[in-house]
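Please read the structure below before turning to the comments.
Letters A, B, ... are given to chains in the order of the sequence lines, protein chains preceding strands, and every chain is numbered from 1.
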Amino acid sequence: MSAADANSRWMDSTSTLGDRSAYKKVWERQAQDPDVASLAVAGHTDEATLELSARGFIDTLRTTVGLSPSDVILEIGCGIARVGRPLSRECTHWFGADISTGMLRHASDRLKDRPNTTLVELATVGLQEFPRDAFDLVYCTIVFMHLFEWDRYRYVEEAFRVLRPGGHGYFDNFPLDSSHGWNVFIEGSRYPLDRRPAHISMASTREELGIYLRKAGFVDVQVHDLPNELIAATGRKPDC
Amino acid sequence: MSAPPDDPGQRAAALQAELDAVKRRDAEFRANMVKEFLDRGERNTYLHTLREEKATLVKREQESFADLEFLTRKLEAEGDRSSALEAELQGMWRSWSWRLTSPLRALGRAFSPGAPAPAAGGEPVQGGVFTYYLHTAPFRVYRGDSFTLRGWAWPEDGRAITAVRVNLDGRTFAGRHGLEEPEVIARYGAQPANPRPGFEVTFATPPGRHLLSLEAQLGGSEWRWIVRTSVWCEPKAP
């Protein structure tokens with residue numbers, strides 16, 4: 001399937017803004033075939049580009065929160081395991097959680113040769129499937145733009161719960177005050193009201209992300225400006 | 001246990017290796033803990049799946065009962081038609097004697113589904129509008145000496161059900177009402193006058209064809225039927 005074809009089918013698979021909170025429905029529709037799923041979560045379909053962008057993100061994790069071979073890691077909204085596949089080589093165990101069964105099916109295909117990975121379908125917004133104090137690192141990348149603010153905060157709170165004391169959280173989004181962020185915002189504003197897609201990207205501000213982490217109980221909270229025009233908030237769960 | 005190396009550099013390296021090993025064991029322990037937690041969640045999910053399957057089976061059972069009821073009604077209609085034709089035939093054969101054919105026509109009328117069953121005491125019982133479900137469908141061939149109808153019912157006018165009974169060809173059998181139906185309440189909420197809508201009635205099933213009428217008394221006064229049908233009782237072959 002060509003990228004143009006995938007793009008047009010992706011457009012067909014989108015839902016309207018009224019469905020934005022129905023994350024399972026919205027993302028199941030976009031997960032129907034691997035190329036559309038890949039386009040929806042990463043913006044491209046070829047494996048080499050997926051690997052390259054994942055490598056870039058792993059470097060970001062390394063510089064912002066640090067990585068250790070002994071880490072037990074959870075990704076919120078892992079999609080097709082774009083990041084999980086390479087990251088699983090660098091940790092003890094990688095858990096990928098997503099609300100879409102379809103996305104997890106594609107992820108499972110991509111992780112067949114990775115025994116230290118586990119995929120978990122989330123029933124709803126939150127991490128109720130996971131125990132507290134379990135992970136060294138919980139991260140959520142290229143997800144917050146698709147969530148309402150309340151749900152962003154819910155995941156930050158839940159990440160705090162499932163992190164072990166001393167563990168790190170990482171959450172990114174594109175900022176409203178970058179040229180890219182402003183363009184996305186203006187493009188979104190031009191949709192006719194009744195045709196805004198449910199997955200439409202919505203920016204964050206530095207203050208917003210920082211507040212979420214502090215309110216959830218994180219310490220050492222920092223908001224990083226990343227080279228790819230994203231901002232990322234990181235924090236540490238205090239030691240007991 | 002080997003003695004610690006004298007060289008501080010070597011000692012630091014050995015301690016670092018030991019620390020790394022502890023960290024790895026701790027990480028493996030936590031990863032296994034998460035997996036066990038997830039397994040437990042899956043068991044809960046499995047319970048949920050079983051409950052869903054149960055609900056599907058109940059739905060399928062209800063559909064089967066509906067089919068059976070439809071077929072029973074057709075059989076009743078055919079039975080009535082057959083009785084009428086037989087009566088007509090008898091009439092043709094014995095037209096010289098009205099008195100001789102009269103009982104057959106009366107028999108035909110008695111088996112007509114439109115005719116109200118005589119209640120105990122003789123007064124006809126009118127039909128009522130009920131929301132109901134019978135756990136044990138009356139649409140069957142009865143093989144034993146007795147049968148227990150179990151189910152739940154709500155009159156649509158919201159009046160309290162104060163008694164239930166089965167009327168089998170005019171012979172009445174009192175039942176128990178006010179039985180708990182937690183799944184019904186959970187699904188539909190309670191009807192104020194009938195918070196426990198369950199009932200059961202055991203009645204005799206003597207051989208032959210009978211008109212069965214399941215009836216409820218409303219507000220302590222009038223009786224209304226919930227469901228009526230012909231039933232066939234055939235003893236088990238020896």
Side-chain angles (χ1 to χ4, degrees), chain A residues 24 66-76 78 84 87-99 101 104 107-108 111 114-124 126-139 158-159 161-168 237 239-240, chain B residues 1-5 7-60 62-63 182-190:
Chain A
K24 204 173 261 294
L67 289 173
S68 155
S70 65
D71 280 349
V72 180
I73 299 176
L74 170 64
E75 178 173 351
I76 301 169
C78 67
L87 184 55
S88 62
R89 291 194 206 101
E90 304 192 22
C91 64
T92 294
H93 203 99
W94 178 88
F95 290 85
D98 204 286
I99 207 153
T101 324
L104 291 175
S108 169
L111 293 172
R114 299 282 191 278
N116 65 330
T117 61
T118 303
L119 294 166
V120 179
E121 182 188 350
L122 299 175
T124 182
L127 300 171
Q128 55 286 329
E129 288 79 1
F130 295 95
R132 63 189 309 114
D133 301 338
F135 297 97
D136 298 287
L137 169 63
V138 177
Y139 67 88
E158 279 286 87
R161 181 181 65 81
V162 303
L163 276 170
R164 69 164 175 78
H168 288 87
K237 182 170 176 174
D239 293 309
C240 294
Chain B
M1 206 168 96
S2 59
D7 176 46
Q10 279 184 333
R11 257 199 349 244
L15 282 173
Q16 186 59 50
E18 202 173 318
L19 183 63
D20 288 346
V22 169
K23 275 186 179 171
R24 252 196 325 275
R25 281 203 299 277
D26 169 59
E28 279 160 12
F29 171 80
R30 280 183 290 111
N32 287 333
M33 177 187 78
V34 174
K35 283 189 266 186
E36 279 177 23
F37 194 86
L38 291 168
D39 283 348
R40 236 181 14 241
E42 272 178 23
R43 282 201 289 277
N44 290 341
T45 306
Y46 183 56
L47 272 180
H48 174 74
T49 306
L50 288 178
R51 287 195 192 103
E52 292 285 303
E53 282 176 1
K54 183 186 165 196
T56 307
L57 288 173
V58 167
K59 186 165 176 277
R60 201 178 299 163
Q62 288 174 352
E63 286 166 358
E183 287 185 11
V184 177
I185 301 300
R187 187 164 174 193
Y188 301 109

* Heavy atoms from other residues, nucleotides or ligands near NZ of B:Lys54 exceed 12 (cutoff 6.0 Å) -> no
* Structure fact -> Test side chain to side chain contact (heavy atoms under 4.5 Å, CB included), reference B:Arg30, set A:Val72, A:Thr92, A:Asp71, A:Asp133, output is A:Val72
* So what's closer than 4.5 Å to chain B heavy atoms on A:Phe135: side chain, backbone, both or neither? -> both
* Write down the atom of B:Phe37, the atom of A:Phe130, and the distance for their closest heavy-atom approach. => CE2-C, 3.4 Å
* Residue selection (most heavy-atom pairs with chain B, distance under 4.5 Å) from A:Cys91, A:Ser68, A:Pro69, A:Ala134 -> A:Ala134
* Asked: Going from OG on A:Ser70 to CZ on B:Arg25, what distance comes out if it is rounded to the nearest 0.5 angstrom?
  -> 12.0 Å
* To do: May I ask you to check whether over 12 heavy atoms, not counting those of B:Gln62, lie within 6.0 Å of atom CD?
  => yes
